[in-house]
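Because the structure is predicted, anything quoted here is derived from the model rather than measured.
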Amino acid sequence: MATGATLLTDHPFRRPHLSTLLRSSNIPSFHPLRISLRINRLRPNFRCSIAEGSTALSPSKGSAPSSIVDCVVIGGGISGLCIAQALATKHSDVAPNILVTEARGRVGGNITTVERDGYLWEEGPNSFQPSDPILTMVVDSGLKDDLVLGDPDAPRFVLWDGKLRPVPAKPNDLPFFDLMSLGGKIRAGFGALGIRPPPPGREESVEEFVRRNLGDEVFERLIEPFCSGVYAGDPSKLSMKAAFGKVWKLEQNGGSIIGGTFKAFQDRNKANKPPRDPRLPKPKGQTVGSFRKGLAMLPNAISTCLGSKVKLSWKLSSISKMDDGGYSLTYETPEGLISILSKSVIMTVPSYVASTLLRPISVTAADALSKFYYPPVASVTISYPKEAIRKERLVDGELKGFGQLHPRSQGVTTLGTIYSSSLFPNRAPDGRVLLLNYIGGSTNTEILAKTESELVEAVDRDLRKIIINTNAEDPLLLSVRVWPQAIPQFLIGHLDLLDTAKAGLREAGMEGLFLGGNYVCGVALGRCVEGAYEAAAEIAGFLSKKVYK
C-alpha cells in the first residue's frame with residue numbers, strides 16, 4: 001500500500017483555491033493543511049474542473065460539529081473519489097460541500113501502481129475500457145495529456161488444445177478464426193437468431209444462459225475464460241442478469257440476442273442523444289486505456305482536484321440518524337475523535353465493511369451485505385529477457401498482443417497473462433518482457449495457503465507450456481500481491497440481496513444513506529466510474545428535494 005501512496009510524488013499537483021479555503025476556515029497556521037499550502041505554492045499548476053465557490057470543511061473535535069456538509073463519501077477508492085468528483089463537477093449547485101473519508105493513508109483502493117528499476121506495473125486493476133464517462137472523468141481531472149491507449153489491433157488469445165488462438169475482434173473475423181469449429185459457429189449463429197430453447201423462467205447462471213443461447217463451444221472457449229479473467233469467478237454460479245445485464249436484456253427486450261441488438265440500435269437512433277463532449281479524446285477501435293505513469297494517476301489526480309475535501313487516515317467508528325433527517329458520523333483520526341454532520345452519506349467501502357458499520361442501524365441490511373462473496377486473487381508480476389519468448393510467439397521480433405486467457409479445462413493454474421510491456425509504452429527496460437499474471441479466484445481459493453515462491457513457480461510452469469522457452473532462465477520476480485478478498489462475485493441472487501440491503505435501510509428510516517462501489521455497479525474500473533456518475537445524480541436528486549433548516 002505504501003508504494004502506491006508515494007508513487008506520484010515526482011508529479012505534484014496544486015490544490016485549487018486552497019488559500020481562499022484556508023483563509024475562510026478556522027485552521028491554525030501550524031496545521032498540516034496550511035503547511036501543504038506553502039509547499040504547493042512552489043508546485044506547477046494542475047488544471048481541474050471543479051466548480052467555483054466550494055468551501056472547505058471545518059470539522060470539530062468531540063461531539064459538537066461546527067458545520068454541516070451536503071454529502072460524506074465513505075471510502076477513497078476509485079468509486080468514492082469519482083462520486084465526489086461527479087458531485088463537484090456536475091452537481092455543485094445542490095452539493096457544494098462534500099467530504100471524502102478514507103481509513104487508509106492513501107487514496108485509490110485496489111488501484112496499486114508500482115515503479116522500480118525501469119519497470120512500471122499494476123498490482124490490482126490493469127486497464128480500463130475508454131468509455132465516454134471515464135474519459136470525462138479523465139479530462140475533468142486534468143489527465144487528458146497523460147492518457148495512453150493500447151493498440152486497437154492488438155490480438156487477444158485463448159489457450160485451447162495446447163495452442164494460443166486469437167479471439168475474433170471484428171464481425172468479419174468470425175468465419176475464419178480457429179478457436180471454434182464450424183459446427184460451433186453455426187450453433188452460435190442460430191442461437192443468436194433465436195433458434196434455441198426458451199428461457200427457463202428463473203434466474204440463470206452465466207453458464208446456463210450462454211450454453212442455451214450460443215452453444216457449448218462459445219461457453220467453454222470464450223465465456224468461461226472471460227469470466228475467469230474479469231471476475232475470477234465460476235460461471236456456473238455467476239448470475240447472467242447481474243454480471244452481464246446488458247447482454248441479458250437483449251434477449252428480454254428482443255426475443256433473442258440478435259433481435260435485442262437491432263431493437264437497442266433502433267431505440268438509440270430514436271432517442272435525442274446529446275452531442276458528445278468535444279473535449280473528450282476519440283479512441284480508435286476496441287482498445288484499453290491507462291496513464292503515462294499507471295492507473296494510480298487517476299485517483300491521485302482526483303484527490304488533488306478535491307484538495308482538502310479528502311481526509312486520509314479517517315476511520316469511521318459510528319454513524320447515526322439525526323432528528324432533522326441528517327447524519328452524524330464520528331471518526332477516529334490522527335487528530336483525535338472528529339464528528340461530522342451531513343445531509344447525505346454514500347458508503348463505497350466493500351460490502352463486508354459496510355455490513356459491520358451498518359449493523360447498529362439495520363440488521364437486515366447488514367446481514368444482506370455480509371453475504372456477498374469476494375474470492376482471493378494474486379497478481380504475480382515477472383519479467384523475462386526477450387529471447388526467452390518462443391519464436392513462434394514473436395512478430396517482427398516482439399511479443400505482440402493484449403494477453404492470453406486460460407480456460408479451466410486446459411490444465412493450467414494461471415487465470416490469464418497480460419503482456420504489460422506490449423500493451424503500454426515504457427513499462428519495462430529495453431530487451432525485457434513484462435508479464436502480469438493472475439492466479440486464484442473462485443475455483444482456486446487454495447492460493448491463500450501457498451507461499452510466494454510456490455505461486456511464482458506455478459505461473460512460471462504454466463508460461464513455459466505456452467509462450468516461454470522451456471530452457472529459459474528463471475524470471476525476474478518483481479511482485480507477488482495476494483488480495484484475500486479481491487472481486488465481489490455477482491452470483492445468482494446478487495440483485496435480490498442488494499435490494500434487501502437497500503430495503504433494510506429504508507425500513508430503518510435511513511433516507512439519504514446510499515450504497516455504492518463495485519458490488520453495486522459492476523467490477524470493471526469503467527463501470528465503477530459510470531456507476532459514480534449515476535450515484536452522484538441520485539444523491540443530487542435527493543438533496544434537491546430535501547429541505548433542511
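Of the possible donor and acceptor atoms, none in the side chain of Tyr373 sits under 3.5 Å from a partner among the backbone N and O of Leu491. Panel note: side chain Ser420, backbone Leu435; no donor-acceptor pair is recorded below 3.5 Å. Ser355 places no side-chain N or O within 3.5 Å of a backbone atom of Ser351 that could act as its donor or acceptor partner. Using a distance-only test at 3.5 Å, with no hydrogens or angles considered, no donor-acceptor pair links the side chain of Arg481 to the main chain of Thr381. Here the side chain of Trp483 pairs a donor or acceptor atom with the backbone of Glu123 at under 3.5 angstrom. In this structure a side-chain-to-backbone donor-acceptor pair under 3.5 Å is present from Glu102 to Arg104. Thr333 contributes a side-chain N or O that, together with a main-chain N or O of Glu335, makes up a donor-acceptor pair within less than 3.5 Å. A donor-acceptor contact shorter than 3.5 Å is absent between the side chain of Gln85 and the backbone of Leu306. Side-chain N or O atoms of Ser544 include none that pairs as donor or acceptor with a backbone N or O of Phe542 at under 3.5 Å.
Looking at residues two or more places apart in sequence or on another chain, you find a side-chain contact (heavy atoms from CB on, under 4.5 Å) between Leu149 and Pro130, Leu147, Pro283, Thr287. Asp496 is linked by a side-chain hydrogen bond (donor to acceptor under 3.5 Å, both in side chains) to nothing, counting only residues two or more places apart in sequence or in another chain. Qualifying ring-ring contact (aromatic ring centres under 6.0 Å, His included) partners for Tyr519, counting only residues two or more places apart in sequence or in other chains: Phe372. Scored by the ring-ring contact (aromatic ring centres under 6.0 Å, His included) test, Phe402 finds no partners at all (sequence neighbours excluded). In terms of the side-chain hydrogen bond (donor to acceptor under 3.5 Å, both in side chains) criterion, Asn126 has no residue partners (sequence neighbours excluded). With sequence neighbours left out, the side-chain contact (heavy atoms from CB on, under 4.5 Å) criterion links Pro133 to Ser131, Glu530, Tyr533. Judged as a side-chain hydrogen bond (donor to acceptor under 3.5 Å, both in side chains), and not counting sequence neighbours, the contacts of Tyr331 are Thr101. In this structure Ser320 satisfies the side-chain contact (heavy atoms from CB on, under 4.5 Å) test together with Ser328, sequence neighbours excluded. By the side-chain hydrogen bond (donor to acceptor under 3.5 Å, both in side chains) test, Thr136 pairs with no residue at all, sequence neighbours left out. Every residue meeting the side-chain contact (heavy atoms from CB on, under 4.5 Å) condition with Asp460, not counting sequence neighbours, appears here in chain and number order: Tyr384, Arg464, Pro475.
If you check the side chains of Ser442 and Gln489, you find a donor sitting under 3.5 Å from an acceptor. Using modelled atom types and a 3.5 Å distance limit, the side chains of Thr364 and Ser362 yield no donor-acceptor pair. For the residue pair Ser317 / Glu332, no side-chain donor-acceptor distance below 3.5 Å is found, with atom types taken as modelled.
Residues Arg527 and Glu534 are paired through a salt bridge, judged by an N-O separation under 4.0 Å between the basic side chain and the carboxylate. Using a cut-off of 4.0 Å between Lys/Arg side-chain N and Asp/Glu carboxylate O, Lys293 and Asp146 are scored as not salt-bridged. With respect to Arg279 and Asp140, a salt bridge is recorded, a charged nitrogen being found less than 4.0 Å from a carboxylate O.
Note on residues 67-103: no pairs pass ring pair (Phe, Tyr, Trp, His ring centres under 6.0 Å), not counting sequence neighbours. Residue pairs meeting the ring pair (Phe, Tyr, Trp, His ring centres under 6.0 Å) criterion with at least one partner in residues 111-150, sequence neighbours excluded, are Phe128-Phe291.
At most 12 heavy atoms of other shown residues, nucleotides or ligands fall within 6.0 angstrom of atom NZ in Lys371. Crowding of Lys144 atom NZ: a count of heavy atoms from other residues, nucleotides or ligands under 6.0 Å exceeding 12.
Atoms CD1 and CG, on Ile382 and Asn437 in that order, are 5.0 Å from each other to the nearest 0.5 Å.
Aromatic ring pairs are classed by plane angle as parallel below 30°, tilted from 30° to 60° and perpendicular above 60°; the pair Phe244 and Phe226 is tilted.
Of all the heavy atoms in Leu448 and Val482, the pair that sits closest is CD2-CG1, 3.9 Å. In terms of heavy-atom proximity, Val529 sits nearest to Cys82 at CG2-SG, 3.9 Å.
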TODO: Might you work through the side chain to side chain contact (heavy atoms under 4.5 Å, CB included) test for Leu369 and Leu515, ending with a clear yes or no?
DONE: CA-CA 10 Å; Leu369 292 172; Leu515 300 175; 4.2 Å; yes

